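So the structure is just underneath, and the comments pick up after that.
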2 protein chains.
Amino acid sequence: MKLDSAGLRVLTREECLHLFSLTPVGRIVFTDRALPTVQPVNYYLDGEDIVIRTASTSKLAAATRSAVVAFEADQIDVDTRTGWSVTAIGHARAVTGTWERQRLEALPLVRWAPGGQDHFIVVRAEQVSGRRLI
Amino acid sequence: MKLDSAGLRVLTREECLHLFSLTPVGRIVFTDRALPTVQPVNYYLDGEDIVIRTASTSKLAAATRSAVVAFEADQIDVDTRTGWSVTAIGHARAVTGTWERQRLEALPLVRWAPGGQDHFIVVRAEQVSGRRLI
């Protein structure tokens, strides 16, 4: 068992990807007008890709076109003070092809926010890291 | 009631600061070796400052010295699909003065991770924003 400098257990890439598959909500981190920004979103782990739906007119859609972003998911229990956090870093891209779009529309990805969801963003999990507080 | 483009209710600064006072865990967003990074941390809202404890040798301590960072907290209920998210953006600084350090040590700020916590980071909530999914 490998621990980091804070005493947290370091998770393997496989453990991180498994944990990404367990929750429907994560947080995408990007830059908006030169400032760091973070926004919770629904997502679906499609292989090693994070798939997000949003409105094509959204700030998120505009700011993540071809950007390198971070994506984080966690489950933290305040009562027991246990939990885990996983982060993926990679290039985000807007889905433009008809076939890929049709395939992604068939995924069990439900967006909770009532606004538009005509735009798909895919973040490739190029670097993955995670920690567990035990 | 003001809604954003995604149909989420836009929270006022006062509402956001109140919500920041409700949870002990948030996520700090910073840049590490030119890549976006996000890390869950315990925190305490001290007036309009986010106070975080970490080890002085940590990546977090090194990367946030005099940087502009984002700090996010949320509470999202997967079953009811409701929740809120608040974000503060501001300058982070390392606490170096003895008197300020003594004052911060008296705050009810408990770090769950077992590693060192000899270093205080203060993030001034200069820009605050928040959304509620209702």
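Keep in mind that what you see is a predicted model, and the values were worked out from it rather than measured. Convention: sequence-line order gives letters A, B, ...; per-chain numbering from 1.
Here the closest non-hydrogen pair linking B:P114 and A:G7 is CG-O, 3.4 Å. Residues A:V78 and B:P24 share a closest heavy-atom pair of CG1-CG, 3.9 Å.
Residue A:R65 places its CZ atom among more than 12 non-hydrogen atoms of other residues, nucleotides or ligands, all under 6.0 Å distant.
Contact count versus chain B (heavy atoms, under 4.5 Å) is highest, among A:S5, A:P40, A:S58, for A:P40. Put simply, of A:T31, A:V29, A:N42, A:V25, the one with the most heavy-atom pairs under 4.5 Å next to chain B is A:V29. Counting heavy-atom pairs closer than 4.5 Å to chain A, the top residue among B:A113, B:S129, B:P36 is B:P36. Between chain B and the options A:D74, A:L8, A:T54, A:V68, heavy-atom pairs under 4.5 Å are most frequent for A:D74.
With hydrophobic clusters built from ILVMFWY side chains whose heavy atoms lie under 4.5 angstrom apart, B:V86 does not share a cluster with B:I89. Put simply, A:F120 and A:Y43 are part of two different groups of oily side chains (I, L, V, M, F, W, Y) that touch within less than 4.5 Å, one to the next. Under a hydrophobic clustering in which Ile, Leu, Val, Met, Phe, Trp and Tyr are joined whenever their side-chain heavy atoms come within less than 4.5 Å, directly or via other members, A:V123 and A:F30 fall into the same cluster. Hydrophobic cluster membership differs between A:W84 and B:I28, with clusters built from Ile, Leu, Val, Met, Phe, Trp and Tyr side chains linked at under 4.5 angstrom. Each of A:L133 and B:V41 belongs to its own hydrophobic cluster when Ile, Leu, Val, Met, Phe, Trp and Tyr are linked at side-chain heavy-atom distances under 4.5 angstrom.
Heavy atoms of A:V69 lying under 4.5 Å from chain B belong exclusively to its backbone. Looking at B:Q117, there are no atoms closer than 4.5 Å to chain A (heavy atoms on both sides), in backbone or side chain. Neither the backbone nor the side chain of A:R131 comes within contact range of chain B, judged by heavy atoms closer than 4.5 Å. Using a 4.5 Å cut-off between heavy atoms, A:A55 does not touch chain B at all.
Atom CZ of residue A:R27 and atom CD of residue B:E72 lie 5.5 Å apart, to the nearest 0.5 angstrom. Between the CG atom in B:L35 and the CD atom in A:Q127 there is a gap of 5.5 Å [rounded to 0.5 Å].
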Decide side chain to side chain contact (heavy atoms under 4.5 Å, CB included) for A:T37 and B:T87; before the verdict, give the C-alpha distance in whole Å, the side-chain angles of both, and the deciding distance to 0.1 Å. CA-CA 8 Å; A:T37 307; B:T87 301; 6.0 Å; no

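In this structure, B:W112 and A:T80 have side chains that are not in contact, with every pair of non-hydrogen atoms separated by 4.5 Å or more.
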